[in-house]
Amino acid sequence: QVTLVESGGGLVQAGGSLTLSCVASGHRFVSSAAGWFRQAPGKDREFVALINWIEPTYTDAVRGRFTISRDNVKNTMYLQMNSLKPEDTAVYYCAARDLSNLAVDPGAYEYWGQGTQVTVFS
């Protein structure tokens with residue numbers, strides 16, 4: 001059984017920073033593709049950042065501000081978010097899949113965390 005548990009969300013002023021964490025059990029990040037997605041009220045879930053054994057991929061809206069990484073020993077994935085903007089407000093989800101190739105479609109990921117709320121106020 002695969003379980004992904006996110007933490008680190010919260011309320012932050014615009015321009016601030018947050019770091020999200022995702023701890024996996026029953027799944028190894030090192031051998032597959034994984035990433036962060038977000039969903040704002042009334043909008044579809046969208047990819048934010050993806051990572052596999054090659055290099056990370058970011059959506060244009062966060063490139064240069066967010067950094068995805070993982071600790072293979074702790075089996076934990078992170079999303080460092082800097083220079084946050086009100087439009088970054090959303091529920092952020094950790095996701096993983098059994099295959100190692102990256103995919104921006106949320107439907108390509110078999111495993112999901114419960115989500116963590118990030119709210120950025122101006």
Side-chain angles (χ1 to χ4, degrees):
Q1 180 179 357
V2 176
T3 303
L4 305 178
V5 179
E6 305 103 331
S7 62
L11 182 67
V12 63
Q13 190 170 19
S17 299
L18 282 175
T19 300
L20 306 183
S21 300
C22 175
V23 179
S25 60
H27 180 83
R28 298 294 301 174
F29 283 131
V30 67
S31 60
S32 67
W36 293 92
F37 291 75
R38 66 186 179 186
Q39 188 165 18
K43 295 188 176 181
D44 293 335
R45 192 169 298 188
E46 63 175 358
F47 103 92
V48 175
L50 307 172
I51 190 169
N52 64 359
W53 59 278
I54 300 177
E55 65 179 28
T57 297
Y58 301 93
T59 190
D60 289 346
V62 309
R63 188 174 294 112
R65 300 188 296 121
F66 291 11
T67 302
I68 188 172
S69 62
R70 65 187 183 198
D71 183 324
N72 294 330
V73 174
K74 296 181 179 179
N75 207 27
T76 301
M77 183 172 64
Y78 304 96
L79 185 68
Q80 173 67 43
M81 306 185 293
N82 298 326
S83 303
L84 282 161
K85 304 175 181 180
E87 50 264 44
D88 294 319
T89 295
V91 177
Y92 283 70
Y93 297 91
C94 166
R97 63 193 305 228
D98 289 329
L99 298 178
S100 61
N101 56 303
L102 299 178
V104 300
D105 179 4
Y109 292 79
E110 297 94 342
Y111 313 114
W112 290 87
Q114 81 286 355
T116 185
Q117 177 70 47
V118 172
T119 302
V120 184
F121 63 94
S122 58

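Position 1 is the first residue of the sequence; numbering continues from there. The structure displayed is predicted, hence computed values, not measured ones.
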Looking at CZ of Arg70 and CH2 of Trp53, how far apart are the two atoms once the value is rounded to the nearest 0.5 Å?
10.5 Å
Flag for Arg38-Tyr92: side-chain donor and acceptor within less than 3.5 Å:
yes
As an exercise, state the distance from OG1 of Thr89 to CG of Leu84, rounded to the nearest 0.5 Å.
8.5 Å
Are side-chain heavy atoms of Thr19 and Leu79 found at a separation under 4.5 Å?
no
Would you indicate whether Asp44, at its atom CG, is surrounded by more than 12 heavy atoms from other residues, nucleotides or ligands within a distance under 6.0 Å?
no
For residues Phe37 and Phe66: do they belong to one hydrophobic cluster (side chain heavy atoms under 4.5 Å, members Ile, Leu, Val, Met, Phe, Trp, Tyr)?
no
Side-chain ion pair, Asp88 and Lys85, N-O less than 4.0 Å
no
Euclidean distance, Arg65 CZ relative to Gln80 CD, rounded to 0.5 Å
12.0 Å
If I take atom CH2 from residue Trp36 and atom CD from residue Glu46, how far apart are they, to the nearest 0.5 angstrom?
15.0 Å
With a 4.5 Å limit on heavy-atom distance, are the side chains of Leu4 and Phe29 in contact?
yes
Give a yes-or-no answer on whether the side chains of Asp98 and Ser32 include a donor-acceptor pair shorter than 3.5 Å.
no
Should Leu20 and Glu6 count as side-chain neighbours, where that means a heavy-atom distance under 4.5 Å?
no
Would Arg45 pass as a cation-pi partner of Tyr93, given that its NZ or CZ must be under 6.0 Å from the six-membered ring centre and within 45 degrees of the axis?
yes
Carefully, step by step, assess Cys94 and Met77 under the rule side chain to side chain contact (heavy atoms under 4.5 Å, CB included).
CA-CA 8 Å; Cys94 166; Met77 183 172 64; 3.6 Å; yes
Do Thr119 and Gln117 have side-chain N/O donor and acceptor atoms under 3.5 Å apart?
yes
I need the Tyr78 OH to Ile51 CD1 distance, nearest 0.5 Å.
11.5 Å
Are any non-hydrogen side-chain atoms of Val118 and Met81 less than 4.5 angstrom apart?
yes
Output for pair (Thr3 OG1, Tyr111 OH), nearest 0.5 Å, gives 11.0 Å
Heavy-atom nearest pair, Ser17 first then Ser83, reads OG-N, 4.4 Å
Here's one to test your reading of the geometry: is the NZ or CZ of Arg63 within 45 degrees of the ring axis of Tyr58 and under 6.0 Å from its centre?
no
